[in-house]
Amino acid sequence: MSSRLGKQNAIELSSFRSAFLADDSLVTIIPDFDYSHDIPLMSASTKVGPFRAGIPTEVPLWFALMLQQRSLCSLKVLDWLATENLTRVKQHETTQTTLTPTTSTTTSTTTTTNDSDDTTTLPFYYAELGQRFVSAKSHSQAAQAPKASRLLLQDIAQVRLDKLRQQFQQLTRQQMANPSICVAVPGIASAELATLKPLITQALNDQRFLATSAAADAAVKKKQPVEDSIVESQSQEESVSGNNNNNTLRSRIRRLRG
Amino acid sequence: MPNYYDVDAILAEEELVPCSTNFDFSYLAHLDPDLHGTGKHYLPEGSRVKLPLWALDKWASLDFVNIGIPRHYQRKARERLEAAPSEVNLRKRNERYFMAGRFLVDLIETSVQKVSKSAASSRRDRLEQVALEAKKLRNTLLKTYTGERLRQTLDWSLSSVGDDVTSYTNQLTEMERRLFQSGAVAATANLRWRVHGKSRWLIRSQTDNNNTRPPKNARPVTPETEQQENDNKRQKR
């Protein structure tokens, strides 16, 4: 029982937690100060480089917000929040059945990719970042995205959630007899994940519970590696049904004989 | 039978299963309510009693009893369930319909396996029949759980935030209620983040329904130094 309460508390804060993790995304700032050394953040491997006033630098969002509060920098508007980009993404969402692919924004974005010009991607934390930068009253004066972006973001979020729901409903129609399902959802973003994950993982766990038999469970517990256990449980089930078939065949032959 | 301490499993195993004894049981006449008036102390062979699953586990594998299937898991009930999965009120039959069903199927399959090895052929046919019914029951349970009911639960949980959904959840078994709750909590959390997430701090008082934190004016055990008090005042501003 206590584990269930613990899980519920974890679910209640999941959206806030993903917003916290979204603050790790890199944004471009224009600092107002000079600092010629690296500043290590949290570990020696991640550091924020030397700052020179007026030169755009990439820092994590939480660092940028902290600097902005102290009037030490100005945030540049995120380029994926521009209206044209969002209309393009919305077009993609409404016409295609797959989700727009998402990219990670915690790594540096200065490397160019070899994709064709037609790729439209969303950051993994698009909803959280969008909420932070698009608000009715602009409490942080600079770096507000245009008003139209807000509606576009809401539309995009709605369309994606509906698509995921339909995909899951289709899955329930087709694949449910299989006790080892692996669902691939390319392009899912953090906000949708936080909303859908608890229910879907619980549903798949229950489905596995109902689809396997106790004999298969015992076989699974004996074998440690996961792939072996899945193969073992399937073969165990087949052998059990095979025995039943042999028994009925033998009894039928006996009845025919006399 | 899974985790020993799982409360849901314990309650699901309370499911009463009809069975018939294979020989006389001494001093167990109290199990059959029909024998209360007579002075008999023993349970005669072939008497039909209803026992919970946890009691039948050992007896079934030792071939002391023949297990039947309860009425709400039999063919007629199954067909009614498959015809209209989302309208049937499974909670009325058993609050843990799916769990009890699965444990029942497991029990029947393991006991039939053990007993068939050393049984007469006529008995073996009957056991095979029961095992076949059990297998069909498992398929029905799986199909019902993961079909229309799951889709409906998903839709209801994600779209009814702040509404009174007891009319829907009253029909759900415990497993489905757990699903509904995880979906609803996640959807509510998402809405709360969308509405309140722009302010700097999570408004703690709204989530503290049981008054688990001490009131704001409570004096701490060790009084803060003046320096710390000034710092706190500055932070709160």
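Reminder, nothing fancy here: chain letters follow the sequence lines and each chain counts from 1.
Only the backbone of A/Ala194 comes within contact range of chain B, judged by heavy atoms closer than 4.5 Å. For B/Ser157, the part sitting under 4.5 Å from any heavy atom of chain A is the side chain, from C-beta outward, and nothing else. Residue B/Leu179 touches chain A through both its backbone and its side chain, counting heavy-atom pairs closer than 4.5 Å. The part of A/Leu196 that comes within reach of chain B is its side chain, from C-beta onward, which places non-hydrogen atoms under 4.5 angstrom from that chain. Heavy atoms closer than 4.5 Å to chain A are found nowhere in B/Asn139, neither backbone nor side chain.
Ranked by heavy-atom pairs shorter than 4.5 Å toward chain A, the options B/Leu141, B/Asp155, B/Thr188 are led by B/Asp155.
In this structure, A/Gln131 and B/Arg194 approach most closely via the heavy-atom pair NE2-O, 2.8 Å. Of all heavy-atom pairs spanning B/Arg192 and A/Phe16, the tightest one is O-CZ, 4.2 Å. Residue A/Thr195 comes nearest to B/Ala186 through the heavy atom pair O-CB, 3.3 Å, listed as atom of the first residue, atom of the second, then distance. For the pair A/Ala19 and B/Trp193, the tightest heavy-atom approach, listed with the atom from each and the gap, is CB-NE1, 3.5 Å. The shortest heavy-atom contact between B/Arg138 and A/Thr212 is NH2-O, 3.5 Å. Taking every heavy atom of both residues into account, B/Tyr145 and A/Ala203 meet most closely at CE2-O, 4.5 Å.
Distance check, rounded to the nearest 0.5 Å: CD of A/Gln166 to CZ of B/Arg151 gives 12.0 Å. With rounding to the nearest 0.5 angstrom, the CE atom of B/Met175 is 4.5 Å from the CG atom of A/Leu210. The CG atom of A/Leu199 sits 6.5 Å away from the CG atom of B/Leu158 when rounded to the nearest 0.5 Å. Interatomic distance, B/Met99 CE to A/Asp206 CG, rounded to the nearest 0.5 Å: 8.5 Å.
No side-chain heavy atom of B/Leu150 sits less than 4.5 Å from a side-chain heavy atom of A/Gln207.
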